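What follows is a set of notes on a single structure, which appears directly below.
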Amino acid sequence: MSDKTRFLLDETEMPTAWYNVQADLPVPIAPSLDADGNPMGPEQLAVLFPMECIMQEVSQERYIDIPGAVLDVFKTYRPSPVIRAKQLERVLGLPAGVKIFYKYEGVSPAGSHKPNTAIPQAYYNKLEGITKISTETGAGQWGSALSIAGALFGIDVEVFMVKVSYEQKPYRRALMETYGASVHASPTNLTAAGRHVLSMDPDSTGSLGIAISEAVEVAATHDDTHYSLGSVLNHVCLHQTIIGLEAVKQMELAEEEPDVVIGCVGGGSNFAGIAFPYYHRRLNGRSKARLVAVEPKACPSLTAGEFRYDFGDEAKLTPQMEMYTLGHDFVPAGIHAGGLRYHGESPLVSALVRSGDVEAVAVHQVASFEAAVQFARAEGILPAPESSHAIRVAIDEALAAKEAGEDKTVLFNLSGHGHFDLSAYEAFNAGKLQDYDFAAGATLCEPE
Ligand SMILES: *Cc1c(COP(=O)(O)O)cnc(C)c1O
């Protein structure tokens with residue numbers, strides 16, 4: 001075992017190919033369907049996505065090369081560090097055999113893992129001569145990441161931001177605008193989908209599903225415009241595997257094999273990123289790691305949703321995918337981990353939960369913030385509220401091992417920092433955060 005704290009790779013050691021879990025699934029995922037229930041061909045998707053992403057969406061190749069121009073941008077912030085949480089271990093009073101490591105994706109220019117897919121997506125669009133990308137954003141992290149990538153590759157970015165976040169997070173909007181993006185509070189009057197929602201409910205606070213409908217409509221009705229999604233889809237999960245591919249090498253430097261690998265899930269991409277390479281390692285007999293996906297109890301698609309075909313958006317403009325879902329018309333409670341408020345879940349992550357290869361758990365937001373604050377005071381990094389769900393379970397796993405007198409090595413993905421989420425921390429510090437439990441009949445519970 002290494003006694004070091006930070007496990008770093010040189011840029012020359014950065015992975016040069018992504019890992020495609022579709023080559024190794026126990027049961028292949030079902031094809032995407034159009035609104036009439038017919039399998040969708042690449043031509044139908046080409047109005048929305050560059051062909052390279054469409055091919056990646058269905059590819060069965062185990063490894064897919066990362067383009068050189070993408071690697072060059074990645075080198076400005078990758079490889080990201082793996083850090084042993086020694087101060088946190090001390091605060092928790094863990095015995096020597098119980099260790100916590102985290103992969104830190106907050107070092108990217110957007111402060112989260114999302115540039116890992118925004119950069120290749122912008123690059124592939126640029127190659128096809130696309131001049132504008134429309135997208136949605138919840139908490140603002142995806143919009144920020146795509147705005148940065150658009151600026152780097154000279155593509156205009158138009159962002160439909162869920163209204164509740166637009167109002168809660170003015171600095172995320174300022175950030176996107178600084179990178180040159182245009183940002184609208186969704187639902188808007190700019191699209192038929194937005195006008196329809198407003199006609200039913202003029203005070204709608206929006207949802208990711210509604211914002212996706214608006215962004216998809218803009219792309220579908222303009223030849224020079226494509227749409228881009230920051231999670232859920234297979235090519236997005238593929239791009240995020242650079243996280244886990246690096247982490248495997250870094251844990252080798254640490255001379256540790258994790259017993260459990262943990263990530264939070266909104267649409268599933270950062271979890272896929274850290275977990276899929278470990279899934280592959282398990283198939284090769286080199287790892288026994290349990291893979292744990294953590295979602296909020298307020299939006300529990302994996303633990304309380306149904307596994308079935310559903311649309312990715314409110315207005316049914318996206319393909320239908322087979323996944324765990326709470327229903328495309330689900331409007332989640334206004335919890336502070338905005339990036340986890342999505343009704344569906346990556347079909348790839350869903351498939352591995354269904355096959356029993358991935359465990360899913362749901363945690364409350366107050367308990368997650370408690371873990372985040374404990375982590376921040378020990379390790380110094382202020383976590384994104386999304387990531388705090390993974391921290392909750394990482395701490396609980398370590399404490400359970402301590403109780404049981406067992407050795408355990410925990411690895412979790414710290415998907416981002418929380419510097420744009422200070423209103424959430426302010427609410428938590430003031431004792432104003434509430435828990436919202438979807439499965440228990442959507443009742444509000446007072447903080448403990
Ligand atoms: C967007 C986001 C998430 C949730 O998205 P996934 O696709 O499930 O990873 C988690 N953490 C952070 C910091 C995010 O920005």
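As the structure is a computational prediction, the values presented were derived from the model and not from experiment. Values reported hereafter were calculated over all heavy atoms of this structure, with side chains retained and with hydrogens, waters and symmetry mates removed. For ligands, and for the atoms within them, numbers begin at 1 and follow the listed sequence.
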Checking a contact table here: which protein heavy atom is nearest atom 7 (O) of ligand 1, and how many Å away? S231 OG, 2.4 Å
Quick look: N270 vs ligand 1, heavy-atom contacts under 4.0 Å, and the answer is both
Looking only at heavy atoms, is any part of S269 under 4.0 Å from ligand 1, and if so is it the side chain, the backbone, or both, or is it neither? both
Those atoms of ligand 1 less than 4.0 Å from some heavy atom in L340: 4 (C)
Decide whether E52 and Y123 meet the rule of one side-chain donor and one side-chain acceptor closer than 3.5 Å. no
At under 4.0 Å between heavy atoms, what of Q240 touches ligand 1? The answer is neither
Parallel, tilted or perpendicular: which fits the ring planes of F7 and F101, with parallel below 30° and perpendicular above 60°? tilted
Minimum distance, heavy atoms only, to atom 3 (C) of ligand 1: which one of H417, Q141, K114 is it? K114
Is it the case that the ring center of H343 lies less than 6.0 angstrom away from the ring center of F330? no
Give a yes or no on this: more than 12 heavy atoms of other residues, nucleotides or ligands lie within 6.0 Å of atom OH of Y63. yes
Quick one: does H113 get within less than 4.0 Å of ligand 1, heavy atoms only? yes
SB check R78 E105 (cutoff 4.0 Å): yes
Starting from atom 4 (C) of ligand 1, locate the nearest protein heavy atom and write down its residue, its atom name and how far away it is, to 0.1 Å. G339 O, 3.4 Å
Return yes or no for this condition: an N or O of G267 is under 3.5 Å from an N or O of ligand 1. yes
Will you find, in the side chains of S415 and N413, an N or O donor that is under 3.5 Å from an N or O acceptor? no
For G416, the ligand 1 atoms with a heavy-atom partner under 4.0 Å come out as 13 (C)
Could you tell me if the side chain of I395 sits less than 4.5 Å from the side chain of L88, heavy atoms only? yes
Hydrogens and angles aside, do K103 and S80 bring a side-chain donor and acceptor to less than 3.5 Å of each other? yes
Side chain or backbone of V236 under 4.0 Å from ligand 1, or both, or neither, by non-hydrogen atoms? neither
Minimum-distance protein heavy atom relative to atom 11 (N) of ligand 1: S415 OG, 2.7 Å
